[in-house]
Asks: 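Mind having a look at this structure? Questions to follow.
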Amino acid sequence: MKLWNTLSGQKEEFRPQGDPVLMYVCGVTPYDESHIGHAMSYIVFDVIRRYLEFKGYNVRYVQNFTDIDDKLINRARQAGIPVLDLADRFIGRYFDDMDALNVRRAEVYPRVSQEIPGIIDLISKLEQRGYAYPTGGDVYFRVQRDEDYGKLSHRTLEGMQAGARVEVGELKEDPMDFVLWKGAKPGEPQWESPWGPGRPGWHIECSAMAMRYLGPKLDIHGGGHDLIFPHHENEIAQSECATGEAPFARYWLHNGLLRLGEEKMSKSLGNLVTIDQVLTSHSADALRLFVLSSHYRGPLTYNDEALDAADKGADRLREALRPADRPAGVERLDPASQRQRFIDAMDDDFNSAQAVAALFDLARDINRARERALYLTAAQDTLRELAGVLGMTLDPQVRRQLGGVQPAARGSLSRNGAGDAEPFIDLLIELRSNLRVKKEFALADAIRVGLTERGVTLEDSAAGTTWKRK
RNA sequence: GGCGACGUGGCCAAGUGGUUAAGGCGGGGGUCUGCAAAACCCCUAUCAGCGGUUCGAAUCCGCUCGUCGCCUCCA
C-alpha cells in the first residue's frame with residue numbers, strides 16, 4: 001500500500017510503526033457552522049481510516065477542537081456569550097453534521113481549553129532547550145534555531161521572507177518566529193503560566209494534544225492542504241525540537257481544497273455552502289460520491305449540478321442492491337475481480353475515483369446477472385461492503401427522505417423515513433395497482449402522473465410497485 | 001516576487017511511455033414494459049498550444065497561453 005507523503009514529496013510504501021496505527025487529523029475551530037470544504041476533508045480522512053481498518057489495521061484516530069482562538073473570542077464577544085459556550089454550540093453542530101455524513105467518530109476529541117497544562121509543559125521544554133523565548137508577555141518559537149524549518153512546505157526562511165506580506169513584529173527576533181503563548185488581554189480567556197497569564201498560540205495545541213494522546217511519533221498526520229504552512233510546519237518544528245525525536249509524523253497527508261466558482265471556499269472569504277444546506281437536497285452518499293470521484297489531493301470545484309449527478313449515481317448503486325426478482329439458478333456472479341480492482345486502486349494512494357469506477361462496474365455486473373437470474377447475493381454483499389469502506393450506506397430509504405425535509409428536522413427524520421406523506425403515497429399506489437389489474441390504465445396513469453408531478457417516481461416490477469423521490 | 005498544483009469527450013473525472021484513453025452525469029438509438037420508470041445493449045474524446053526526446057507520449061523535457069493554491073486566519 002502506497003501513499004503520498006507531503007514531507008518527502010513522493011509516494012511511499014506505508015509501514016506503520018506498530019499496532020495500532022496512530023493517526024491525528026486537525027479538526028475545526030468551532031466558531032461557525034461547518035461548510036462542505038470541511039465535509040470534503042473529514043470524508044477523505046474518514047475513508048482513509050476505514051480503508052486502513054479494511055486492510056486489517058487497528059487505527060487510533062484523534063481529532064482536536066481548537067476552542068481557544070481569536071475568531072472564537074471575537075464572535076463570542078459579539079454574541080455576548082462566553083467563549084466556551086460558543087465553542088460548545090458549534091462543536092455540537094459539527095457532530096450533527098459529521099453524523100449526518102456518516103463520518104465515524106474519532107476515539108478522542110481533545111480541546112485546547114482542557115489541555116493547557118500539557119501545552120505549558122511543552123513550551124517550557126522548548127524554552128529550556130533554547131527554542132523558545134519570552135518577550136513582552138508572549139513566548140515565541142525561534143525559527144533560526146531549527147535547521148529543518150521549512151522541510152514540510154519545502155521552502156526556506158530566506159524564500160519566505162522575500163514574501164511581501166511578512167510583517168516584522170517589533171518584539172520578535174526574527175519575522176518568521178511564531179507565537180507559542182500569547183500574553184493575556186483584558187476580557188479574554190486566560191490561564192496562569194510561568195510567563196504570566198495568557199493563552200496558547202495557534203499551533204502549539206496540536207503538538208501537545210497529539211503527543212499526549214498518541215505519543216511523540218505519529219504514523220499519519222492529516223489535514224487540509226491549507227494547513228501545510230504555517231500550521232503543520234510549525235507543529236513539526238515545535239514537536240521535534242521539544243522531543244529531540246524525528247519525524248514527529250511519518251506520513252503527512254493533505255487533502256486538496258474545495259472551491260466554489262474560481263475561489264477556494266473558506267470562512268474568511270465568506271463564499272461557503274454549509275453541510276446542512278447541501279444535505280437538504282442531496283444525500284450523504286451523494287456528497288461522498290462527489291468527493292470521492294476525484295483524487296483527494298487535487299482541488300475540487302463545488303456546483304449543484306455535480307451534486308445532482310452524484311445523487312443519480314448513488315441511486316444507481318442503490319438500485320443494484322435490490323433483491324433478485326426471480327429465483328436464482330445455480331450459476332453465481334463472482335465479484336472477486338471488481339473487488340480486487342477496488343483494492344488495487346485504494347492501495348495506490350487512495351485512488352477513490354478508480355475504486356468508485358469498480359463499484360459502478362460491479363453494479364452493472366449485478367444488473368446483468370439479475371436479468372440472467374444468476375445468484376446475486378454474494379456480489380451484492382461485496383458491493384455493500386466496499387461502498388461501506390467509502391462510508392456510503394446505499395440505504396434504499398434515503399431517496400424517500402430527500403425533498404421537503406427541513407434542516408432542523410433532519411436528525412429525527414433521517415432515522416425513520418419520509419414523514420407524513422408516506423402512508424398516503426402507499427395508499428395511492430395500492431389504488432393504482434387495483435386499477436391496473438382491472439386494466440383501467442387511464443386512471444392508473446393519472447395517479448402516476450400526479451405523483452410524478454409532486455416529485456414521487458413509481459417503478460413497477462414483477463414484485464410490485466416501489467417509489468422514490470425525484 | 002518566491003514556492004507549488006492543474007489544463008483529458010457536452011459537464012464532472014481517472015489514467016503519468018506501448019493492447020480498444022476508466023467511471024459517473026447528460027445526449028442519441030434500441031430491448032423490456034399496457035404505457036412509463038428502473039435495468040440492459042449500441043453510439044457519443046486523441047488528451048490547452050507549439051517545439052523537442054523516443055521505435056513509440058495524454059503520460060518525459062522546454063517554451064507559450066490559461067486557471068488555482070500557499071507564502072496572513074483557514075479543512
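These numbers come from a predicted model, not from an experiment. Just so it is clear: chains get the letters A, B, ... in the order the sequence lines come, proteins before strands, and each one is counted from 1.
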Asks: Enumerate all atom pairs, one protein N or O and one N or O from nucleotides 65-67 of chain B, separated by less than 3.5 Å.
Replies:
unit_1	atom_1	unit_2	atom_2	d
rU67(B)	O3'	Glu262(A)	OE1	3.2
rU67(B)	O2'	Glu262(A)	OE1	3.1

Asks: Under the 3.5 angstrom rule, does the side chain of Arg372(A) hit a backbone N or O of Arg368(A) as a donor-acceptor pair?
Replies: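 No: the side chain of Arg372(A) does not pair with the backbone of Arg368(A).
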
Asks: On the side chain of Lys71(A), is there an atom forming a donor-acceptor pair with the base of rC73(B) - under 3.5 Å, no angle test?
Replies: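 Such a pair is found, so the answer is yes.
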
Asks: Would you tell me whether His282(A) and Asp304(A) have side-chain atoms, one donor and one acceptor, within less than 3.5 Å of each other?
Replies: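 Distance-only check passes for His282(A) and Asp304(A).
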
Asks: On the nucleotide rC40(B), are OP1 or OP2 found under 4.0 Å from the side-chain N or O atoms that Arg316(A) carries?
Replies: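 Looking at the OP1 and OP2 atoms of rC40(B), one of them is under 4.0 Å from a side-chain N or O of Arg316(A).
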
Asks: At less than 4.0 Å, is any side-chain N or O atom of Arg364(A) found next to OP1 or OP2 of rC41(B)? Yes or no.
Replies: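 Affirmative; the distance criterion is met.
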
Asks: Distance check needed: rA13(B) C1' versus Asn351(A) CG, whole Å only.
Replies: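 Taking atom C1' of rA13(B) as the reference, CG of Asn351(A) is at 11 Å.
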
Asks: Once you round it to whole Å, what is the distance between C1' of rC35(B) and CG of Asp460(A)?
Replies: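 Asp460(A) atom CG is separated from rC35(B) atom C1' by 10 Å.
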
Asks: Write down the distance separating the P atoms in rC11(B) and rU16(B), rounded off to the nearest Å.
Replies: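 Those two atoms are separated by 23 Å.
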
Asks: Quick one: does Asp226(A) reach the base of rG69(B) with a side-chain donor-acceptor pair under 3.5 Å?
Replies: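 In this structure, the two groups form no donor-acceptor pair.
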
Asks: Does Arg436(A) or Leu289(A) map to a spot on RNA chain B nearer the 5' end, using the closest nucleotide for each?
Replies: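 Closest to the 5' end, via its nearest nucleotide, is Leu289(A).
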
Asks: What distance, rounded to whole Å, do you find between the two P atoms, one in rG17(B) and one in rC60(B)?
Replies: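 Comparing P positions in rG17(B) and rC60(B) gives a spacing of 8 Å.
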
Asks: If I take atom NE2 in residue His203(A) and atom P in nucleotide rA75(B), what distance separates them, rounded to the nearest angstrom?
Replies: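 His203(A) atom NE2 is separated from rA75(B) atom P by 13 Å.
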
Asks: Between Thr6(A) and His254(A), is there a side-chain donor-acceptor contact under 3.5 Å, judged purely by atom types and distance?
Replies: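 Yes, Thr6(A) and His254(A) have a side-chain donor paired with an acceptor closer than 3.5 Å.
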
Asks: Could you tell me if the side chain of Val47(A) sits less than 4.5 Å from the side chain of Arg288(A), heavy atoms only?
Replies: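 Arg288(A) vs Val47(A): side chains touch.
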
Asks: May I ask you to say what Thr457(A) touches in the nucleic acid, namely base, sugar-phosphate or nothing, with a heavy-atom cut-off under 4.0 Å?
Replies: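 Counting heavy atoms under 4.0 Å across all strands, the contact made by Thr457(A) is with sugar-phosphate only.
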
Asks: Categorize Leu227(A) for me: base, sugar-phosphate, or nothing, with a 4.0 angstrom heavy-atom threshold over every strand shown.
Replies: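 Leu227(A): backbone/sugar contact only, no base atoms under 4.0 Å.
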
Asks: Would you say Asp177(A)'s side chain and Val143(A)'s backbone share a donor-acceptor pair under 3.5 angstrom?
Replies: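 Answer holds: yes.
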
Asks: Nearest-Å distance, CZ (Phe229(A)) to C1' (rC71(B))?
Replies: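 Going from Phe229(A) (CZ) to rC71(B) (C1'), I get 7 Å.
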
Asks: Applying a 3.5 Å limit to both distances, which nucleotide forms a Watson-Crick or G-U wobble pair with rU19(B)?
Replies: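 Checking every strand shown, rU19(B) finds no partner, since no pair has both distances under 3.5 Å.
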
Asks: Does any donor atom in the side chain of Tyr31(A) or Asn74(A) lie under 3.5 Å from an acceptor atom in the other side chain?
Replies: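 No, no side-chain donor-acceptor pair sits under 3.5 Å.
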
Asks: Both Ser153(A) and Asp348(A) contact RNA chain B. Which one's nearest nucleotide lies toward the 5' end?
Replies: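 The answer here is Ser153(A).
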
Asks: On the side chain of Arg448(A), is there an atom forming a donor-acceptor pair with the base of rC35(B) - under 3.5 Å, no angle test?
Replies: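 Pair found.
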
Asks: Please give, in whole Å, the distance from rA22(B) P to Met346(A) CE?
Replies: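 About 22 Å, once rounded to whole Å.
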
Asks: In whole Å, what separates the P atom of rG27(B) from that of rA38(B)?
Replies: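 So the two P atoms sit 11 Å from each other.
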
Asks: Where the side chain of Gln63(A) meets the backbone of Gly27(A), is there a donor-acceptor pair that is under 3.5 Å apart?
Replies: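 Such a contact is absent between Gln63(A) side chain and Gly27(A) backbone.
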
Asks: Distance between the C1' atoms of rG7(B) and rU19(B), in whole angstroms?
Replies: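 Each nucleotide's C1' atom is 28 Å from the other's.
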
Asks: Need the pair for rA14(B). Rule: Watson-Crick or G-U wobble, both distances under 3.5 Å, any strand; none if unpaired.
Replies: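 Pairing partner: none.
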
Asks: May I ask you to verify if any side-chain N or O of Asn367(A) is less than 4.0 angstrom from the OP1 or OP2 atom of rC40(B)?
Replies: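 Checking rC40(B) against Asn367(A), a side-chain N or O does come within under 4.0 Å of OP1 or OP2.
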
Asks: To the nearest angstrom, how far is Met265(A) atom CE from rC68(B) atom P?
Replies: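 Rounding to the nearest Å, CE of Met265(A) and P of rC68(B) are 16 Å apart.
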
Asks: Say you pick atom P in rA58(B) and the same atom in rG1(B); how far apart are they, in whole Å?
Replies: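 Nearest-Å result for rA58(B) against rG1(B) at atom P: 33 Å.
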
Asks: Considering just the side-chain nitrogens and oxygens of Arg318(A), establish if one lies under 4.0 Å of OP1 or OP2 belonging to rA38(B).
Replies: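 For Arg318(A), the contact criterion (side-chain N or O under 4.0 Å from OP1 or OP2 of rA38(B)) is not met.
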
Asks: Does rC6(B) pair with anything, Watson-Crick or G-U wobble, both distances under 3.5 Å, and if so, with which nucleotide?
Replies: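 Answer to the pairing question: rG66(B), which forms a Watson-Crick or G-U pair with rC6(B).
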
Asks: Who is the Watson-Crick or G-U wobble partner of rG56(B), with both distances under 3.5 Å?
Replies: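 Across any shown strand, rG56(B) pairs with none.
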
Asks: Tell me the interatomic distance from His282(A), atom NE2, to rG24(B), atom C1', rounded to whole angstroms.
Replies: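 Spelled out: NE2 on His282(A) to C1' on rG24(B) is 15 Å.
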
Asks: Between rC6(B) and rC12(B), how far is it from one C1' atom to the other, in whole Å?
Replies: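 Their C1' atoms lie roughly 15 Å apart.
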
Asks: Below 4.0 angstrom from OP1 or OP2 of rC68(B), is there any side-chain N or O of Lys264(A)?
Replies: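 Answer is no, no contact under 4.0 Å.
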
Asks: For atom P, what is the distance between rA21(B) and rC40(B), given to the nearest Å?
Replies: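 It works out to 23 Å between them.
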
Asks: Is the charged tip of Arg49(A) near the ring of Tyr61(A): under 6.0 Å from the six-membered ring centre and within 45° of its axis?
Replies: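 Cation-pi check for Arg49(A) and Tyr61(A): passes.
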
Asks: By a 5.5 angstrom centroid cut-off and a 30 degree plane limit, is there stacking between Phe441(A) and rG34(B)?
Replies: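 Answer is yes, a stack.
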
Asks: If we take the P atom in both rA13(B) and rC73(B), what is their distance in whole Å?
Replies: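 The answer is 30 Å between these two P atoms.
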
Asks: Grab the CG-C1' distance between Leu362(A) and rG24(B) for me, whole Å please.
Replies: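 About 15 Å, once rounded to whole Å.
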
